[in-house]
Amino acid sequence: MGKSAIRTVCKVDFDKPASEQPYLHNRWHPDIPPAATIKDGETVKIECLDWTGGQIKNDDSADDIKNVDLTRVHYLSGPFAIENAEPGDALLVEIMDVQPFEDQPWGFTGIFDKSNGGGFLDELYPSAAKAIWDFEGIYCTSRHIPHVKFAGLIHPGILGCAPSQEVLDTWNKREAELIAANKLDRDVALPPQPLNVHAGSADPNTKEKVGLQGARTIPGRPEHGGNCDIKNLSRGSKVYLPVHVPGANFSVGDLHFSQGDGEISFCGAIEMAGIITINFSVIKSGVSQLSLTSPIYIPGPVEPHFGPGRYIYFEGFSVDQHGKQHYLDVAVAYRQTTLRCIEYLRRFGYSDYQIYLLLSCAPIQGHVAGIVDIPNACTTLGLPMDIFDFDISPSAIPVKKLDMGRCAFETGKTEGEVVTTAGKNSEVSFGGGLNYKE
């Protein structure tokens with residue numbers, strides 16, 4: 001006799017605001033009540049909205065990206081209580097499948113406006129932009145970035161167990177200290193924000209408490225994982241998560257059809273709504289048995305493959321675009337790596353914003369090549385050449401520029417702003433864990 005149908009423990013409603021759906025929440029807090037209970041060893045299906053709760057539309061305008069309400073994200077499915085899970089245990093999460101909804105075969109990649117979210121290159125590219133991707137089986141294409149087609153490494157951007165009150169207090173203290181010490185002209189962390197808090201089926205008093213204390217879901221955190229945006233957590237992957245509260249209170253969301261290493265534009269994956277199938281197993285005393293300070297994972301067997309010689313790699317170092325020397329700064333190096341790729345692809349007719357979007361969501365390989373050879377860290381970005389329907393290899397010279405159209409911008413704009421002087425007056429950074437000398 002065959003197995004019975006896999007149980008769906010969370011269903012979402014596209015005709016109802018995300019903030020009114022009791023199986024969703026957008027803060028981390030131990031007091032958010034479980035949406036359902038899952039047996040130890042059970043496999044279930046979980047439906048998820050896209051991370052914005054449906055704020056982004058399938059159209060040719062980036063007005064929705066520019067004006068997205070970031071107090072309302074992420075909308076996660078859960079939390080789910082796992083039978084037998086107790087603090088100190090590890091929760092083994094095996095991702096059996098991830099799929100878009102059949103009647104929503106599309107996703108989006110966005111560049112957030114610098115004043116509302118920003119991204120890795122927002123000082124250079126501060127304008128809002130968007131690309132819509134259409135799904136056909138395992139492949140995706142975009143009317144906004146033509147001549148590109150690739151298979152998606154589909155995965156959840158966020159999964160994690162609820163923090164205990166002690167862990168939550170640690171997060172809030174740690175991030176408040178960073179905010180207080182900030183000397184930059186940008187947000188460096190987000191404190192608890194009562195505005196637009198959604199705490200699932202919590203009563204009004206609990207919802208108020210979650211609003212005042214609950215941690216924002218934007219960053220990943222070492223104690224539980226959360227929003228790590230690891231593209232290799234795809235089908236067949238196994239993730240080991242520390243359990244901090246009785247029942248674990250596991251949540252998942254922010255599904256991606258594809259993503260490049262780094263998700264550099266912040267809304268940089270191909271974001272989608274969909275269904276994830278997960279098996280849950282409790283490992284008793286797993287935190288101590290596995291020395292599990294932070295989550296660990298084993299990638300699954302499903303991944304689009306390109307031969308080693310079918311990538312073109314770009315190098316970057318801790319010398320910024322203005323020639324300023326930094327000390328072992330990996331972020332500076334990876335920014336330069338990305339700019340080298342943008343310069344290269346620009347020759348074929350793509351705009352900088354189209355390339356920025358593409359590098360956020362295509363299956364690029366980002367690596368730290370060296371962090372010991374002072375003063376320059378070296379990073380690399382591997383771009384698979386076979387996602388293009390024309391030859392982009394260095395042997396393809398002279399280059400023939402193609403009509404690449406354009407990605408979507410806000411109303412009234414046909415191109416995004418490019419700031420060539422960005423970062424010219426920045427201080428020299430000292431990476432490698434060193435502090436400034438007094």
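Worth knowing before you read on, the calculation uses all heavy atoms, side chains too, and leaves out hydrogens, waters and symmetry mates. We number each residue from 1, following the sequence as shown.
Two rings, from W28 and H224, have their centers less than 6.0 Å apart. The six-membered or imidazole ring of F135 lies near that of F257, with a centre-to-centre distance under 6.0 Å. In this structure, F150 has its ring center no closer than 6.0 Å to that of Y139. Aromatic rings of F390 and F388 (six-membered ring for Trp) have centroids within the 6.0 Å cut-off, being under it. For Y125 and Y356, the ring centers sit closer than 6.0 Å to each other.
Residues N26 and H198 bring no donor and acceptor atom of their side chains to less than 3.5 Å of each other. Side-chain atoms of D69 and N196 form a donor-acceptor pair, as typed in the model, at a separation below 3.5 Å. Between the side chains of T380 and H367, not a single donor N or O lies within less than 3.5 Å of an accepting N or O. Remark: the H244 side chain and the E223 side chain contain no N/O donor-acceptor pair separated by less than 3.5 Å. Residues D97 and Q99 have side chains that bring a donor and an acceptor to within less than 3.5 angstrom of each other. No hydrogens or angles considered: a donor-acceptor pair under 3.5 Å links the side chains of Q325 and N376. Side-chain contact annotation: T52 with D50, donor-acceptor N/O pair under 3.5 Å present.
Between the NZ atom of K424 and the NE2 atom of H322 there is a distance of 7.0 Å, given to the nearest 0.5 Å. Atoms CG and CG, from D113 and N67 in turn, are 8.5 Å apart once rounded to the nearest 0.5 Å. Summarising the geometry, atom CG belonging to L358 is positioned 7.0 Å from atom CG belonging to L345; distances are rounded to the nearest 0.5 Å. Atom OG in S234 sits 4.0 Å away from atom CG in L153 (nearest 0.5 Å). The line from CG of L124 to CG of D352 is 9.0 Å long, rounded to the nearest 0.5 Å. Between atom NE2 of residue H326 and atom OG of residue S429 there is a gap of 5.0 Å, rounded to the nearest 0.5 Å.
Under 4.0 Å is where a charged nitrogen must lie from a carboxylate oxygen, and between D60 and K130 no such pair does. Contact check on E427 versus K324 returns no salt bridge, with no Lys/Arg side-chain nitrogen under 4.0 Å from an Asp/Glu carboxylate oxygen. Ion pairing between D261 and K231 holds under the 4.0 Å rule for side-chain N and carboxylate O.
Within 6.0 Å of CD1 in I374 there are 12 or fewer heavy atoms belonging to other residues, nucleotides or ligands. Counted within 6.0 Å of CD1 on I312, heavy atoms from surrounding residues, nucleotides or ligands total more than 12; the atom is thus considered enclosed. Within 6.0 Å of CG in D373 there are 12 or fewer heavy atoms belonging to other residues, nucleotides or ligands. Counting heavy atoms of neighbouring residues, nucleotides and ligands inside a 6.0 Å radius, atom OH of Y334 exceeds 12 of them.
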Taking it one step at a time, do I82 and N249 satisfy side chain to side chain contact (heavy atoms under 4.5 Å, CB included)?
CA-CA 7 Å; I82 313 299; N249 283 6; over 6 Å; no

Could you please spell out the steps behind the salt bridge (charged side-chain N to carboxylate O under 4.0 Å, His left out) verdict for R346 and E343?
CA-CA 5 Å; R346 187 190 294 152; E343 292 162 357; 5.6 Å; no

Please test D63 against T411 for side-chain hydrogen bond (donor to acceptor under 3.5 Å, both in side chains), starting from the C-alpha separation and ending with a verdict.
CA-CA 6 Å; D63 288 353; T411 300; 2.4 Å; yes

Trace of the salt bridge (charged side-chain N to carboxylate O under 4.0 Å, His left out) decision for R186 with E123:
CA-CA 11 Å; R186 62 169 64 231; E123 292 188 350; 3.7 Å; yes

Assess the residue pair T109 and S360 against the criterion (side-chain hydrogen bond (donor to acceptor under 3.5 Å, both in side chains)); give the C-alpha distance rounded to whole Å, side-chain angles, the decisive distance to 0.1 Å, and a yes or no.
CA-CA 8 Å; T109 303; S360 294; over 6 Å; no

Tell me, with the steps shown, if K149 and D389 meet salt bridge (charged side-chain N to carboxylate O under 4.0 Å, His left out).
CA-CA 8 Å; K149 179 179 180 180; D389 65 9; over 6 Å; no

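Proximity of a side-chain donor or acceptor of Q21 to a complementary backbone N or O of D13 within less than 3.5 Å is detected. Within the 3.5 Å criterion, the main-chain N or O of E417 finds a donor-acceptor partner in the side chain of S127. For S318 (side chain) and D329 (main-chain N/O), a donor-acceptor pair under 3.5 Å exists by modelled atom type. Side-chain atoms of T206 never come within 3.5 Å of backbone atoms of A202 as a donor-acceptor pair (strictly under, hydrogens ignored). Under the 3.5 Å distance criterion, the side-chain polar atoms of S258 are left unmatched by any main-chain donor or acceptor of G152.
A pairwise comparison of heavy atoms in Y353 and A129 identifies CD2-CB, 3.9 Å as the closest pair. Here the closest heavy-atom approach between residue K57 and residue G54 is recorded as NZ-O, 2.9 Å. What you find for D254 and N227 is that their closest heavy atoms are OD2-OD1, 3.4 Å. Nearest heavy-atom pair across M272 and V98 is CE-CG1, 4.2 Å. In terms of heavy-atom proximity, C10 sits nearest to F80 at CB-CZ, 3.7 Å. Closest of all the heavy-atom pairs between T414 and R406 is O-CD, 3.5 Å.
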Under 3.5 Å donor-acceptor pairs involving side-chain atoms of residues 210-221, not counting sequence neighbours:
residue	atom	partner	partner atom	Å
Q213	OE1	H29	NE2	2.9
Q213	OE1	Q165	NE2	3.4
R216	NH2	L70	O	2.4
T217	OG1	H74	N	2.9
T217	OG1	H74	ND1	2.8
R221	NE	E175	OE2	2.7
R221	NH1	R216	O	2.9
R221	NH2	E175	OE1	3.1
R221	NH2	E175	OE2	3.4
R221	NH2	R216	O	3.1

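Remark: R340 fails to qualify as a cation-pi partner of Y344 under the 6.0 Å distance and 45° angle criteria applied to the six-membered ring.
Here the rule is side-chain contact (heavy atoms from CB on, under 4.5 Å) with P242, and of L91, L290, V287 only V287 fits it.
In this structure, the side chain to side chain donor-acceptor pair (under 3.5 Å) partners of K173, at least two apart in sequence or on a different chain, are E177.
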